[in-house]
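Worksheet for the structure shown next.
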Amino acid sequence: MPQAAETPVRPDPDLLLAWYDRHRRTLPWRAPVGARADPYRVWLSEIMLQQTTVKAAGPYFLRFLERFPDVASLARAPLDDVLKLWAGLGYYSRARNLHACAQAVVALHGGRFPDTEAELLDLPGVGPYTAAAIAAIAFDRPAVVVDGNVERVMARLFAVEEPMPAAKPRLRRLAAEVAPVRRPGDYAQATMDLGATICTPKSPACALCPWDDPCRARAGGAPQTYPRKTAKAARPQRFGVAYWVERADGAVLVRARPLKGLLGGMTEIPTGAWDEAIDLSAPLAALAREAPVAGRWRRLPGEVEHVFSHFALRLAVLACDAPAGLKAPPGARWAARDALDGEALPSVFRKVAALARAEFSRKA
DNA sequence: TACTCGTGGCC
DNA sequence: TGGCCAAGAGT
């Protein structure tokens, strides 16, 4: 007997698990089929994957695993070593919390990750998603794992009209209703893989989807329009000046940023304030007003553009040659220009260094 | 609750 | 080219 059209069809977890068994991807942090996952690797990968693509996180994961093969070795390391290895991956509070979390696992749990969501949630940098993911994937506990993929899949399955982010609690409830008790780790990874490879944001491959039948967004003809969203605010543009101070021996002035806030704890090329009102076409003397040292400044050709999550930045770069005996001002230090790669230098400052080095080598 | 917090790839 | 997007957490 045919089912009435208005009767919702429940998505069948077994269909998804069968799809997962056929299409399971090999990822650097994923244990072989049947093998038990290492909680340390699961945790490390989940932290790195927060708001970060698999492609970007992969090389970092392998480098971390080689340098810090277990949680104890990571806990023993100086924070700066961790920041250096994390440089370029972004969201640097993750690196600071990663280090704090490793130390907490050693100090409070004898070097073994706890296996319950509640205990995991108490660890630095571990929120609702990550606690559930570790519980499910590393310990096969029936946790409801909800990330952006799962939210998108649920929004489409049930054609949720409420816009994000207000719809989050509703999507979580739906995810909990659909989730099976069996194979929690596999199911969690299956829902995320589905969102990452089939139920993608822009052009979902519904023809290949194991849940195409119960999906109400697909039935409606425009699955790519879910989840609904409210309009985002425009990204403001800020301006600033970076100061490249180079000695004849190739040493460059750098300094550490405050532990809290943007790029917290990372190394920087000295810059002045970043503000919307700064005019980069102002006279040289005005641009040099916040310089870290007195000197004969010149403006380098070109500018550095960089986009952060909540504002865009354009930097003018001023340079000056430092006398051999110049002492670094308080809070600053000299770093070898050709060893900046190994510093905990965020991308925006690597762009500054690239611009300055190009100009200096042209001159030389 | 709403804002802060990076980066690189994609179309 | 520029907005959008990625396995969110902290405050």
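Here is the naming used below: chain letters follow the sequence lines, and residue numbers restart at 1 for every chain. Only heavy atoms go into these numbers, but all of them, side chains included; no hydrogens, no water, no symmetry mates. Fair warning: this is a prediction, and the values are worked out from it, not measured in the lab.
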_Lys NZ or Arg CZ of A:Arg238 over A:Phe311 ring: under 6.0 Å, within 45°_ = yes
*Once you round it to whole Å, what is the distance between P of C:dG8 and CG of A:Leu98?*
16 Å
*asked:* What is the separation between atom CG on A:Leu194 and atom P on C:dA7, rounded to the nearest whole Å?
replied: 12 Å
*Could you list by number each residue of residues 144-152 of chain A showing a heavy-atom separation from DNA chain C of less than 4.0 Å, or answer none if no residue does?*
A:Asp147, A:Gly148, A:Asn149, A:Arg152
*asked:* I want to know whether A:Phe308 and A:His310 have ring centres closer than 6.0 Å.
replied: no
*Does a side-chain N or O from A:Thr52 land closer than 4.0 Å to OP1 or OP2 of C:dA7, or not?*
no
*Between B:dG8 and A:Ser347, is there an OP1 or OP2 to side-chain N/O distance shorter than 4.0 Å?*
yes
*For DNA chain B, find the residues of residues 254-275 of chain A with a heavy-atom distance under 4.0 Å and give them by number; none if there aren't any.*
A:Gly261, A:Leu262, A:Leu263
*What pairs with A:Thr197 under side chain to side chain contact (heavy atoms under 4.5 Å, CB included), at least two apart in sequence or on another chain?*
A:Trp19, A:Arg25
*side-chain hydrogen bond (donor to acceptor under 3.5 Å, both in side chains) against A:Arg96, all qualifying residues, sequence neighbours excluded*: none
*In plain terms, say whether A:Asp321 and A:Arg247 are close enough for a salt bridge, that is, a side-chain N and a carboxylate O under 4.0 Å apart.*
no
*Report yes if a side-chain nitrogen or oxygen of A:His310 is closer than 4.0 Å to either non-bridging phosphate oxygen (OP1 or OP2) of B:dC5; otherwise report no.*
yes
*When all nucleic acid strands are considered with a 4.0 Å heavy-atom cut-off, which category describes A:Lys229: base, sugar-phosphate, or nothing?*
sugar-phosphate
_Is it the case that the ring center of A:Trp43 lies less than 6.0 angstrom away from the ring center of A:Phe113?_
yes
*Shared hydrophobic cluster for A:Val241 and A:Val304 (ILVMFWY, side-chain gaps under 4.5 Å)*: no
*Over how many whole Å does the gap from A:Lys232 atom NZ to C:dG3 atom P extend?*
11 Å
*Check DNA chain C against residues 19-49 of chain A and give the residues with a non-hydrogen atom under 4.0 Å, in numerical order.*
A:Arg25, A:Leu27, A:Trp29, A:Arg30, A:Glu46, A:Leu49
*A:Tyr92: what forms a side-chain hydrogen bond (donor to acceptor under 3.5 Å, both in side chains) with it, not counting sequence neighbours?*
none
*asked:* Classify A:Pro165 by what it touches in the nucleic acid, base, sugar-phosphate, or nothing, heavy-atom distance under 4.0 Å.
replied: nothing
*Starting at atom NZ of A:Lys55, determine the distance to atom P of C:dA7, rounded to an integer number of angstrom.*
16 Å
*Tell me: CG of A:Leu345 to P of B:dG6, nearest whole Å?*
14 Å
*Mind checking A:Gly195 for me? I need base, sugar-phosphate or nothing, with any heavy atom below 4.0 Å counting as a touch.*
nothing
